[in-house]
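These figures come from a predicted structure and were not determined experimentally.
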Amino acid sequence: MNQAQAALKYSKEHEWVEVLDNECVRVGITQFAQEQLGDIVFIELPEQGTAVKADESMGTVESVKAVSDIYSPVSGEVVEVNRELEDAPETINGDAYGAGWMVVIKLANPAELDELMTAEQYEAFSKEEE
């Protein structure tokens with residue numbers, strides 16, 4: 001079950017984006033992604049201040065099934081990191097769209113948000129990948 005959230009935007013790499021204001025977005029992986037991964041046991045996130053580029057790896061998530069890259073859906077600077085996930089990576093399995101958020105990014109190019117999918121588009125996209 002996908003359960004995409006209507007207020008969020010989505011990347012083809014299965015990250016969600018919540019627009020916080022004109023400058024910053026919060027990022028995590030989708031419910032679909034965490035279900036595909038299974039039980040998440042470790043996460044590596046970028047440090048605060050790291051410059052990230054859209055569609056490039058910014059960390060990894062390890063589950064009992066595999067290790068997967070986490071791709072930044074936008075370009076910018078990491079201004080906040082959810083350090084609680086380092087001690088409790090399974091939080092992503094339990095609340096992918098809430099407490100399982102990963103980073104806050106200050107946008108370098110807000111126009112990149114227009115390239116992300118709506119919840120409806122993401123639902124259709126992820127169904128094709130099932």
Exercise. Might you work through the salt bridge (charged side-chain N to carboxylate O under 4.0 Å, His left out) test for Glu47 and Arg83, ending with a clear yes or no?
Key: CA-CA 10 Å; Glu47 294 296 322; Arg83 292 286 169 215; 3.2 Å; yes

Quiz item: Is there a side-chain contact (heavy atoms from CB on, under 4.5 Å) between Thr30 and Ser126 once you walk through the steps?
Solution: CA-CA 10 Å; Thr30 66; Ser126 59; over 6 Å; no

Quiz item: Checking ring-ring contact (aromatic ring centres under 6.0 Å, His included) for the pair His14/Tyr122: CA distance, chi angles, key distance, verdict?
Solution: CA-CA 9 Å; His14 302 285; Tyr122 179 72; 5.5 Å; yes

Quiz item: Do Asp69 and Glu13 pass the side-chain contact (heavy atoms from CB on, under 4.5 Å) test, and can you show the C-alpha distance, the side-chain angles, and the key distance before you say yes or no?
Solution: CA-CA 9 Å; Asp69 284 318; Glu13 301 296 336; over 6 Å; no

Practice problem: Could you please spell out the steps behind the side-chain contact (heavy atoms from CB on, under 4.5 Å) verdict for Tyr10 and Glu123? | Solution: CA-CA 10 Å; Tyr10 299 87; Glu123 291 265 357; over 6 Å; no

Quiz item: Is there a side-chain contact (heavy atoms from CB on, under 4.5 Å) between Glu112 and Leu107 once you walk through the steps?
Solution: CA-CA 9 Å; Glu112 288 176 342; Leu107 296 167; 5.6 Å; no

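Panel note: side chain Trp16, backbone Ile29; a donor-acceptor pair is recorded below 3.5 Å. In terms of modelled atom types and a separation under 3.5 Å, the side chain of Ser72 and the main chain of Ser75 share no donor-acceptor contact. In this structure, the side chain of Gln48 does not engage the main chain of Glu80 through any donor-acceptor pair within 3.5 Å. Here the side chain of Asn82 pairs no donor or acceptor atom with the backbone of Gly100 at under 3.5 angstrom. In this structure, Asp39 contributes its side chain and Glu90 its backbone to no donor-acceptor pair below 3.5 Å. Looking at Asn93, its side chain does come within 3.5 Å of a backbone N or O of Gly38 through a donor-acceptor pair.
Contact between Leu116 and Lys9 at its shortest, heavy atoms only, is CB-CB, 3.8 Å. Nearest heavy-atom pair across Pro89 and Phe42 is CG-N, 3.8 Å. Pairing each heavy atom of Leu113 with each of Val19, the nearest pair is CD1-CG2, 4.0 Å. Across Ser68 and Leu37, no two heavy atoms sit closer than the pair OG-CD2, 3.4 Å. Minimum interatomic distance between Ala119 and Ala6 (heavy atoms only, all atoms of both residues): CB-CA, 3.7 Å. Across every non-hydrogen atom of Trp101 and Val81, the tightest pair is CH2-C, 4.0 Å.
Hydrophobic clustering (ILVMFWY, side-chain heavy atoms < 4.5 Å, transitive): Met102 and Val74 are in one cluster. Hydrophobic clustering of Ile, Leu, Val, Met, Phe, Trp and Tyr side chains at less than 4.5 Å, counting indirect connections, keeps Tyr71 apart from Leu45.
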Which atom pairs, donor and acceptor, lie under 3.5 Å between side-chain atoms of residues 20-28 and protein residues at least two apart or in another chain?
unit_1, atom_1, unit_2, atom_2, d
Asp21, OD1, Glu23, N, 2.7
Asp21, OD1, Cys24, N, 2.7
Arg26, NH1, Glu18, OE1, 3.2

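Considering only heavy atoms from C-beta on, Gln34 stays 4.5 Å or farther from Val61 through its side chain. Using a 4.5 Å heavy-atom cutoff, the side chains of Thr50 and Met58 are not in contact. With a 4.5 Å cut-off on side-chain heavy atoms, Ile105 and Val17 do not count as touching. Between Thr91 and Glu84, the closest side-chain pair of non-hydrogen atoms is not below 4.5 Å.
In this structure, OG1 in Thr118 is found 11.0 Å from CG in Leu8, a value given to the nearest 0.5 Å. Within the model, atoms CD of Glu15 and CG of Asp55 stand 9.0 Å from one another, a figure rounded to the nearest 0.5 Å. One finds the CG atom of Leu85 at 5.0 Å from the CD1 atom of Ile43 (value rounded to the nearest 0.5 Å).
More than 12 heavy atoms of other residues, nucleotides or ligands sit less than 6.0 Å from atom CD of Gln121.
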